[in-house]
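In what follows, a structure is listed as structure tokens, so that the remarks can point back to it.
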Amino acid sequence: MSLPNLAPIPELYVSHESAQKLKIEAGNLVSWDLTPRQICDLELLMNGGFNPLKGFLSEEDYNCVVEDMRLADGSLWPMPITLDVSEKFAEGIAPGTDIALRDQEGVILAILSVTDKWVPNKAREAEKVFGADDLAHPAVNYLHNVAGPVYLGGPITGIQQPVHYDFKARRDTPNELRAYFRKLGWQKIVAFQTRNPLHRAHQELTFRAAREAQANLLIHPVVGMTKPGDVDHFTRVRCYEAVLDKYPQSTTTMSLLNLAMRMAGPREAVWHGLIRRNHGVTHFIVGRDHAGPGKNSAGKDFYGPYDAQELFKKYEEEIGVVMVDFKHMVYVQEKAQYYPANEVPEGCTVLDISGTELRRRLREGLDIPEWFSFPEVVTELRRTSPPRAKQGFTVFFTGLSGSGKSTIANALMVKLMEMGGRPVTLLDGDVVRKHLSSELGFSKEHRDINIKRIGYVASEITKNGGIAICAPIAPYTATRRAVREMIEAYGAFVEVHVATSIEECEARDRKGLYKLAREGKIKEFTGISDPYEEPATPELRVDTAGVDVDHCAHQVILKLESMGLIKA
Ligand code: PPS
């Protein structure tokens with residue numbers, strides 16, 4: 001295990017000439033438009049990052065991976081890499097079919113020769129792979145609410161790599177990294193996996209890890225998909241570039257990994273180890289709560305803080321990579337330097353800033369001390385995360401028809417326009433249905449499309465620094481959550497539940513729709529013949545019964561002030 005085997009590993013690409021020919025032939029095949037996550041998975045399948053996988057898992061491999069973290073042939077593999085598709089697409093596919101896999105612009109990247117098609121037991125997958133069938137886990141939510149219901153498996157013939165326009169020089173395939181290590185004569189390489197900006201503590205710990213292992217260092221950040229709400233990878237890579245200068249020259253390199261993380265804690269750590277082995281590294285830093293997804297729906301951590309280290313240790317030999325424990329580094333004021341938390345000299349003052357505290361300081365434009373981070377990193381973070389009062393945000397009203405959403409939303413819009421500073425757009429339920437969704441009805445499928453359209457427009461407004469006010473019924477929790485995730489990538493999402501009771505809405509019946517719904521003349525009417533799932537933890541809940549509109553809108557304004565989104 002001590003010296004790396006840096007010989008090339010198998011890739012799934014065909015030769016350049018064959019690729020040209022295949023691409024033309026594949027134009028006649030039935031095609032599947034890959035999702036962003038599938039593109040990440042496909043890239044690592046094709047370039048050997050997921051070696052020994054030869055394609056998307058077959059049903060037998062899938063079952064073995066879910067149950068035992070192994071492929072059917074016994075090789076260690078902890079993560080199901082599956083091609084999930086819609087029921088409609090799956091209808092026309094049978095084992096023996098070849099499918100052209102296309103990126104989001106329609107470019108054919110690979111051919112999948114289907115050997116297996118099955119409907120997975122997603123609850124079982126969630127329990128075994130992620131530890132709980134709990135939608136608070138981002139990958140479990142993805143599994144149930146984003147991934148298609150049918151899985152296709154089979155070998156891949158790689159035609160071309162997914163195209164990246166950003167940071168091209170920093171992206172390496174496993175074989176490119178292996179060749180680089182060979183060329184420089186690096187014998188031991190310790191990799192650091194990260195999805196966050198690097199601050200001084202990270203720089204210290206990675207530097208120490210490399211020194212202790214007497215190894216060179218590979219900073220290997222994930223730029224595919226990370227946890228919803230993370231700092232975007234463009235900003236992070238600019239921050240990493242700045243930190244790279246702080247390491248002793250020629251001991252350290254950085255490469256970007258287009259991995260779609262699952263935040264699966266212990267299983268994910270083992271998976272990360274195997275992926276790094278494929279990239280030619282010998283050592284891997286595993287931290288406290290590695291790839292942790294945060295709290296479950298009962299407010300408890302999904303995994304114990306050292307579960308990932310324990311599982312990695314158990315399989316270390318098979319992974320073929322030595323685990324280096326992550327040392328939690330803290331700043332010791334009197335010594336003006338970083339120490340591992342368990343080695344702090346007695347009587348000294350320890351300083352630390354948590355991730356939550358850092359986000360608060362960025363949000364509120366407060367000081368971030370030099371002992372904590374590098375000025376270049378802070379400048380970069382401030383550039384992309386201006387104080388909240390200057391960022392875009394979305395106020396998303398949800399509630400029954402006739403609950404008063406539109407009226408409050410209108411009043412709020414006027415009040416915000418009176419304050420000035422940011423453009424305000426109102427996406428009212430009825431207005432959206434007229435201009436964006438006129439072809440849609442009120443089935444679950446159509447309501448979901450409608451809400452996701454609203455979410456998309458609101459996320460663009462938020463991204464560009466504006467205020468979006470949405471006021472649809474939005475009856476389903478999962479869809480509201482999907483919209484929240486879209487928006488929180490760019491700014492705050494303020495969910496306001498207009499909690500006027502069904503009795504009150506029906507008594508008001510401003511549009512006469514409840515009467516028609518009771519008479520069965522309008523089908524699938526929310527609250528009467530169609531469900532409304534109440535938000536469990538909205539940012540604000542208002543009830544309009546006996547309260548005037550002005551007061552309700554004022555409550556929202558106070559909430560926005562308390563969140564730092566507007567200044568009094
Ligand atoms: S949804 O579920 O969020 O897509 O609904 P939304 O786009 O907000 O549209 C709701 C408005 O459409 C009218 N309407 C109905 N509502 C609920 N169920 C059924 N079947 C239905 N048919 C028509 C109704 O006027 C809603 O407007 P609001 O402003 O909510 O009263």
Side-chain angles (χ1 to χ4, degrees), residues 145-146 394-414 424-462 468-487 493-536 538-545 547-549 552-553 556:
N145 293 321
V146 183
T394 292
V395 182
F396 191 95
F397 290 94
T398 166
L400 296 168
S401 171
S403 57
K405 303 179 300 289
S406 309
T407 321
I408 306 171
N410 261 299
L412 175 68
M413 175 175 73
V414 173
V424 189
T425 308
L426 177 59
L427 297 164
D428 188 33
D430 279 341
V431 175
V432 168
R433 282 200 170 261
K434 186 161 162 213
H435 295 291
L436 281 181
S437 295
S438 56
E439 84 285 18
L440 299 180
F442 288 88
S443 64
K444 170 156 194 329
E445 192 194 353
H446 277 193
R447 287 181 197 259
D448 281 353
I449 297 172
N450 182 40
I451 300 306
K452 283 182 182 160
R453 282 181 190 167
I454 295 175
Y456 174 71
V457 176
S459 74
E460 287 294 307
I461 292 169
T462 304
I469 305 175
C470 314
I473 296 178
Y476 302 114
T477 306
T479 327
R480 291 194 300 260
R481 177 177 170 152
V483 170
R484 177 185 286 275
E485 283 180 4
M486 274 157 99
I487 286 160
F493 179 81
V494 186
E495 186 176 42
V496 182
H497 176 207
V498 183
T500 315
S501 67
I502 181 83
E503 294 76 20
E504 175 73 19
C505 294
E506 192 167 359
R508 289 181 196 163
D509 205 5
R510 283 178 50 190
K511 298 179 186 166
L513 296 174
Y514 281 92
K515 183 169 174 290
L516 294 175
R518 286 283 178 208
E519 290 165 7
K521 292 184 181 146
I522 303 180
K523 303 269 177 266
E524 300 174 311
F525 195 82
T526 308
I528 304 290
S529 42
D530 215 55
Y532 179 78
E533 298 168 5
E534 292 212 345
E539 274 70 14
L540 182 69
R541 211 185 293 279
V542 291
D543 188 340
T544 59
V547 187
D548 72 20
V549 175
C552 292
V556 182

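All figures in this text were calculated on a predicted structure; none of them were measured in a lab. Every number for a ligand or one of its atoms is a count from 1 in the order of the listing. One is the number of the first residue; the rest follow in order along the sequence.
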Parallel, tilted or perpendicular: ring planes of H497 versus Y532, cut at 30 and 60 degrees:
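Parallel: the ring planes of H497 and Y532 meet at under 30°.
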How does P475 reach ligand 1, by side chain, by backbone, by both or by neither, if only non-hydrogen atoms under 4.0 Å count?
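Answer for P475: side chain.
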Going by the closest heavy atom to atom 26 (C) of ligand 1, which one wins out of S401, G512, A517, S443?
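The nearest heavy atom belongs to S401.
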Atom 5 (O) of ligand 1: which of R510, K405, R480, R433 has the nearest heavy atom?
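Going through R510, K405, R480, R433 one by one, R433 has the nearest heavy atom to atom 5 (O) of ligand 1.
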Identify, for [atom], the protein heavy atom at the shortest distance, and state residue, atom and that distance.
atom	result
atom 18 (N) of ligand 1	R447 NH2, 3.2 Å
atom 16 (N) of ligand 1	I473 CD1, 3.5 Å
atom 3 (O) of ligand 1	A474 N, 2.8 Å
atom 19 (C) of ligand 1	F525 CD1, 3.4 Å
atom 11 (C) of ligand 1	D430 OD1, 3.5 Å
atom 13 (C) of ligand 1	F442 CZ, 3.9 Å
atom 27 (O) of ligand 1	K511 NZ, 3.0 Å

Member of R508, K405, E504 meeting the side chain to side chain donor-acceptor pair (under 3.5 Å) criterion with T544:
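Answer to the side chain to side chain donor-acceptor pair (under 3.5 Å) test with T544 among R508, K405, E504: R508.
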Any carboxylate oxygen within less than 4.0 angstrom of a Lys/Arg side-chain nitrogen, looking at E533 and R447?
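Looking at E533 and R447, the cut-off is not met.
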Can E506 and R518 be counted as an ion pair, charged N to O under 4.0 angstrom?
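Here E506 pairs with R518 in a salt bridge, since their nearest N and O are under 4.0 Å apart.
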Pull out every atom of ligand 1 sitting under 4.0 Å from any heavy atom of [X], numbered as shown with elements.
X	result
T526	17 (C), 18 (N)
I451	3 (O)
G402	31 (O)
E524	18 (N), 19 (C), 20 (N)
P472	3 (O), 8 (O)
K523	20 (N)

Within 45° cone of F442 ring axis and under 6.0 Å: R433 NZ or CZ
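R433 over F442 ring: yes.
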Does CD belonging to E519 count more than 12 external heavy atoms closer than 6.0 Å?
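Result for CD/E519: enclosed.
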Walk me through whether K434 and D430 qualify under salt bridge (charged side-chain N to carboxylate O under 4.0 Å, His left out).
CA-CA 6 Å; K434 186 161 162 213; D430 279 341; over 6 Å; no
Are any of the N or O atoms of L513 closer than 3.5 Å to those of ligand 1?
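No; every N/O pair is 3.5 Å or more apart.
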Looking only at heavy atoms, what is the nearest atom pair of T526 and P475, with distance?
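For T526 and P475, the tightest heavy-atom pair comes out as CG2-CB, 4.4 Å.
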Does even one non-hydrogen atom of H446 get within less than 4.0 Å of ligand 1?
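In this structure, H446 fails to qualify as a contact of ligand 1 - no heavy atom is under 4.0 Å.
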